[in-house]
Amino acid sequence: MADMEGLTEGKHYHLDKPQATGGFFLKGCDSLDWGMKNRLARIFNPKSGRTVMLAIDHGYFQGPTTGLERVDINIMPIAPYADTLMLTRGILRSVVPAAYTKPIVLRVSGGTSILKELSNEEIAVGIEEAIRLNVCAMAVQVFIGGEFEKQSIINMTKMVDMGNRYGIPTLAVTAVGKDMARDARYFRLATRICAELGATYIKSYYIEKGFETVTASCPVPIVMAGGKKIPELDALTMAYNAVQQGAAGVDMGRNIFQSQSPVAMLKAIKAVVHENEKPEKALDLYNTMKREG
Ligand code: R5P
């Protein structure tokens, strides 16, 4: 027990300074509970309000994707340079050391493969697993306009209900079918539906025309999806445009781990996302770091 001797009554009440009530730094997230906000504050950098997520969950429907054949060898050395790691529970348990303390976004929908209709997903991970694995968010694919649109939306709302109960954010991942138009109208529809139905934040693709109307009409944060590998300058430009037009960061996979220097690419993307570095300058940074190994 604390020594009672010499105990003095507190007197530093700072009566001239009312306690700050400051709002939470992420759009649309101020009325969330403390645990939820704390998890979001680990995913998103509170200073920049943005995140660089490294997505390596591809195997859940397409097996060992190029660059992810050996996550232990290819990904674990670069993972500390990302703000957040997005992956499946299988890879988390089998490959990621428990001493890895960066925030985890856990893929919780699944049940389909590239050999069949992808939108036919179910919830493939229970909330207890998410809690047990101490994750910072759960990712669910939502197929607006897809064959199993309703099922995928209900997968998301179920995770939102469970996540809200235990303070774990839900990331809605908008998936675009092959024959759907990738335009502002589609992404406004898809992201807004996810937000209206409770997603904490949303992963969506960048589009050249009207991306700012997608972020403006979505009341919660959007992180930009990466997509297939493109030249480094193009990927950096896409990330730059997305954050300048309202995205709260990026969630990229192949454009990082399929790059010739994934660490240099992560650092260059972080400069663009957190420091508003221009794409050309970020490419210089990439080339220099790549040369230096
Ligand atoms: C998207 O549908 C999945 O989450 C992917 O497995 C992954 O996140 C895609 O990342 P990227 O397109 O940047 O390689």
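Start at 1 and go down the list; that is how both ligands and their atoms are numbered.
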(message) Quick one, Q245 with T215, criterion side-chain hydrogen bond (donor to acceptor under 3.5 Å, both in side chains). Give me CA distance, side-chain angles, the key distance, then yes/no.
(response) CA-CA 7 Å; Q245 291 168 34; T215 56; over 6 Å; no

(request) Just need the protein heavy atom nearest to atom 7 (C) of ligand 1, so name the residue and atom and give the distance. (result) D57 OD1, 3.2 Å

(message) Which of the numbered atoms in ligand 1 are under 4.0 angstrom from any heavy atom belonging to R254?
(response) 11 (P), 12 (O), 13 (O), 14 (O)

(request) Write out the residue and atom name of the closest protein heavy atom to atom 9 (C) of ligand 1, then the distance separating them to 0.1 Å. (result) H58 NE2, 3.4 Å

(request) Answer yes if the side chains of T65 and R254 hold a donor-acceptor pair under 3.5 Å, and no otherwise. (result) no

(request) Distance to 0.1 Å, residue and atom name: give those for the protein heavy atom nearest to atom 13 (O) of ligand 1. (result) G253 N, 2.7 Å

(message) I'd like to know if K37 pairs up with D30 as an ion pair, taking the criterion as any Lys NZ or Arg NE/NH1/NH2 lying under 4.0 Å from an Asp or Glu carboxylate oxygen.
(response) yes

(message) Check this for me - ligand 1, Y205, N or O atoms closer than 3.5 angstrom, yes or no?
(response) no

(message) Using the side-chain contact (heavy atoms from CB on, under 4.5 Å) definition, which of the options I256, L54, N255, L285 pairs with I269?
(response) I256

(message) Give the atom numbers and elements of ligand 1 that come within less than 4.0 Å of a heavy atom of Q141.
(response) 1 (C), 2 (O)

(request) Check each atom of ligand 1 against the heavy atoms of G226 and keep those under 4.0 Å away; list them by number with element. (result) 13 (O)

(request) Flag the pair F44 / Y201 as yes when their ring centroid distance falls below 6.0 Å, and as no otherwise. (result) yes

(message) Distance under 4.0 Å to a non-hydrogen atom of M86: what atoms of ligand 1 satisfy this?
(response) 4 (O)

(message) Pairs of nitrogen or oxygen atoms closer than 3.5 Å, one from K203 and one from ligand 1: do any exist?
(response) yes

(message) Taking 4.0 angstrom as the limit and counting only heavy atoms of M252, give me the atoms of ligand 1 inside it, by number and element.
(response) 13 (O)

(message) Within the supplied structure, the quantity of interest is the number of heavy atoms (other residues, nucleotides, ligands) at a distance under 6.0 Å from F148 CZ; does it exceed 12?
(response) yes

(message) Would G227 count as a contact residue for ligand 1, given that I'm defining contact as a non-hydrogen atom of the residue lying under 4.0 Å from a ligand atom?
(response) yes

(message) Please confirm whether R107 approaches ligand 1 to less than 4.0 Å, judged on its heavy atoms.
(response) yes

(request) Check each of Q151, Q141, E121 against S109 using the side chain to side chain donor-acceptor pair (under 3.5 Å) test, and report the only one that passes. (result) E121

(request) Identify the residue among H274, K102, R50, R42 that makes a side chain to side chain donor-acceptor pair (under 3.5 Å) with D83. (result) H274

